[in-house]
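Atoms within a ligand are numbered from 1 in the order they appear, just like the ligands themselves. Owing to the predicted nature of the structure, the values given are computational and were not obtained by experimental measurement.
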Amino acid sequence: MNTLAIDIGGTKLAAALINDEHKIFQRTEISTPANAAPQALEQALARLVDVYQGQAQRVAVASTGIIDKGILTALNPDNLGGLNHFPLQATVEKLTGLPCVVLNDAQAAAWAEYCYLSAQFKHVTFITVSTGVGGGVVVNGELLTGPYAFAGHIGHIQADPNGPLCGCGRVGCVEAIASGRAIAAAAGHELEGKNTREIFAQAQSGNAQAQQLMTRSAQAICQLIANIKALLDTECIVLGGSVGLAQGYRQQVEQQLAQSPAAFQVPIYAAHYQHDAGLMGAALWSENHSA
Ligand code: ADP
Ligand code: BMX
Ligand code: ZN
């Protein structure tokens with residue numbers, strides 16, 4: 001049996017087939033539509049799933065946003081248009097004619113990474129530093145989704161009461177400082193208009209502003225990790241997302257965390273499934289939570 005896995009992020013939509021041996025194949029990717037309209041997302045999803053016709057028996061979707069009872073609502077409308085109450089599960093079932101399971105992208109990635117580490121750990125927290133900052137929490141071998149599917153939205157924990165306004169409406173969220181979108185928004189002068197991939201490349205070649213932006217992001221993630229450790233006593237942190245997986249980023253977070261008191265120390269791993277953690281997590285979740 002093949003599962004068609006789909007990952008909806010603020011920057012890209014990815015899809016792949018995942019078989020019973022958990023091998024990923026036929027991976028494709030398109031840009032997330034810039035247009036905020038629900039029809040634009042539906043059209044992009046139609047384009048994404050078209051090539052997989054007849055090749056899968058079920059669909060598993062990991063998506064940015066609060067995914068509650070099959071419905072997507074953006075917490076930060078800057079990241080995925082102002083999608084409010086988008087019928088994600090019903091739309092994907094209509095487009096594919098297959099049963100579909102949906103959950104938040106970082107919750108899905110946390111599940112994949114926990115499954116990989118489960119012989120070693122029962123308490124795992126996943127953090128994605130990507131378009132936004134997302135999270136997924138596994139406590140005692142169980143993924144916390146919460147009564148309203150909001151659990152793990154750690155990008156919206158406050159990092160700085162005097163920080164920038166976050167798209168969610170709060171002030172100084174971790175996401176408003178550390179995310180790929182926030183890094184690009186804070187760039188000025190010679191870095192104005194560049195995206196975070198380009199800014200990090202400049203940091204590697206010695207640009208001081210680019211290095212500061214990277215450090216500021218890593219600092220916010222380091223403080224977030226110390227807060228998570230205090231709240232959950234998580235046994236390890238898994239870092240993912242294109243910013244979190246960028247060269248040198250995790251090492252910066254680790255170096256800063258090493259300066260914190262001993263009780264706040266926790267190992268930080270790079271996501272085993274790298275950029276496919278959301279796809280794999282949705283597929284693994286669908287094995288036990290099929291419609
Ligand atoms: P999504 O948020 O759609 O899941 P990503 O995890 O790829 O997608 O995150 C997108 C963000 O990561 C963008 O801000 C992009 O500029 C940034 N990014 C992509 N590649 C890199 C890289 N190599 N280094 C730093 N930032 C990157
Ligand atoms: C935002 C929020 C989370 C998501 C996180 C990472 C929206 C649309 N999304 O905090 O649900 O998990 O971004 O998302 O409000 P990504 O697009 O960076 O992967
Ligand atoms: Zn916020």
Side-chain angles (χ1 to χ4, degrees), residues 6-14 29-33 36 41 44 62-68 72-84 86 88 102-110 126-137 145-146 149-160 163-187 191 193-204 210 213-214 217-218 220 224 239-250 252 271 274-279 281:
I6 299 174
D7 187 352
I8 302 174
T11 300
K12 61 182 196 300
L13 310 185
E29 209 175 283
I30 60 175
S31 294
T32 305
L41 181 59
S63 175
T64 188
I66 299 168
I67 315 296
D68 192 14
L72 186 171
T73 297
L75 175 65
N76 182 348
D78 292 350
N79 287 7
L80 191 69
L83 287 180
N84 195 8
F86 177 79
L88 182 60
V102 291
L103 82 163
N104 170 267
D105 55 355
Q107 290 173 351
F126 176 85
I127 303 176
T128 176
V129 190
S130 36
T131 311
V133 174
V137 175
T145 51
F150 189 47
H153 275 75
I154 51 183
H156 304 275
I157 288 175
Q158 196 179 51
D160 178 1
L165 184 65
C166 181
C168 77
R170 290 189 86 199
V171 168
C173 292
V174 174
E175 180 161 300
I177 293 167
S179 67
R181 186 176 274 270
I183 292 167
L191 299 180
K194 295 203 183 300
N195 66 34
T196 302
R197 186 171 42 75
E198 294 161 336
I199 293 167
F200 277 24
Q202 291 287 313
Q204 294 295 338
L213 288 167
M214 189 173 171
S217 165
L224 175 64
L239 204 52
S242 290
V243 178
L245 293 167
Q247 201 190 341
Y249 186 89
R250 182 174 59 90
Q252 276 213 26
Q274 295 276 301
H275 300 274
D276 295 334
L279 291 171

*Asks:* Polar-atom distance check: Asn195 versus ligand 1, any N or O pair below 3.5 Å?
*Replies:*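 There is no such contact.
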*Asks:* Please could you name the atoms of ligand 1 that Gly241 approaches to less than 4.0 Å, counting only its heavy atoms?
*Replies:*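 Close to Gly241: 6 (O).
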*Asks:* So which bit of Thr131 gets within less than 4.0 Å of ligand 2, heavy atoms only: side chain, backbone, both or neither?
*Replies:*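 Thr131 to ligand 2: contacts from backbone and side chain alike.
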*Asks:* For Gly65, is at least one N or O under 3.5 Å away from an N or O on ligand 2?
*Replies:*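 For ligand 2, there is an N or O atom that lies under 3.5 Å from one belonging to Gly65.
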*Asks:* Less than 3.5 Å between some nitrogen or oxygen of Leu80 and one of ligand 2, yes or no?
*Replies:*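 Such a contact does not occur with ligand 2.
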*Asks:* If the cut-off is 4.0 Å to any non-hydrogen atom of Gly9, which atoms of ligand 2 fall inside it?
*Replies:* 17 (O)
*Asks:* Number the atoms of ligand 2 from 1 as they appear, then name those within less than 4.0 Å of a heavy atom of Gly10, with their elements.
*Replies:* 17 (O)
*Asks:* Going by the closest heavy atom to atom 12 (O) of ligand 1, which one wins out of Ala106, Ala14, Ser242?
*Replies:*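 Result: the heavy atom closest to atom 12 (O) of ligand 1 is in Ser242.
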*Asks:* Report the nearest protein non-hydrogen atom to atom 10 (C) of ligand 1: residue, atom name, distance rounded to 0.1 Å.
*Replies:* Thr11 OG1, 3.4 Å
*Asks:* Which option out of Asp105, Asp7, Thr64 puts a heavy atom nearest to atom 12 (O) of ligand 2?
*Replies:*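 Considering heavy atoms of Asp105, Asp7, Thr64, the nearest to atom 12 (O) of ligand 2 sits in Asp105.
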*Asks:* Identify, by atom number and element, the atoms of ligand 2 in contact range of Leu75, meaning under 4.0 Å from any of its heavy atoms.
*Replies:* 7 (C), 15 (O)
*Asks:* Run the numbers for me: atoms of ligand 2, each under 4.0 Å from some heavy atom of His153, listed by number.
*Replies:* 3 (C), 11 (O)
*Asks:* Hey, which atoms in ligand 1 end up nearer than 4.0 Å to a heavy atom of Gly10?
*Replies:*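 So the atoms of ligand 1 that pass are 1 (P), 2 (O), 3 (O).
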*Asks:* Counting from 1, what ligand 2 atoms have a heavy atom of Ser130 closer than 4.0 Å?
*Replies:* 16 (P), 18 (O), 19 (O)
*Asks:* So if I count the atoms of ligand 2 from 1 in the order they appear, which ones are less than 4.0 Å from some heavy atom of His156?
*Replies:* 1 (C), 10 (O)
*Asks:* Ligand 2 versus Asn79, non-hydrogen atoms closer than 4.0 Å: side chain, backbone, both, neither?
*Replies:* side chain
*Asks:* Need the ligand 1 atom indices (1-based, order shown) with element for anything under 4.0 Å from a heavy-atom of Ala246.
*Replies:* 24 (N), 25 (C)
*Asks:* If you measure from each non-hydrogen atom of Val133 to ligand 2, which part falls under 4.0 Å: side chain, backbone, both or neither?
*Replies:*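 Just the backbone.
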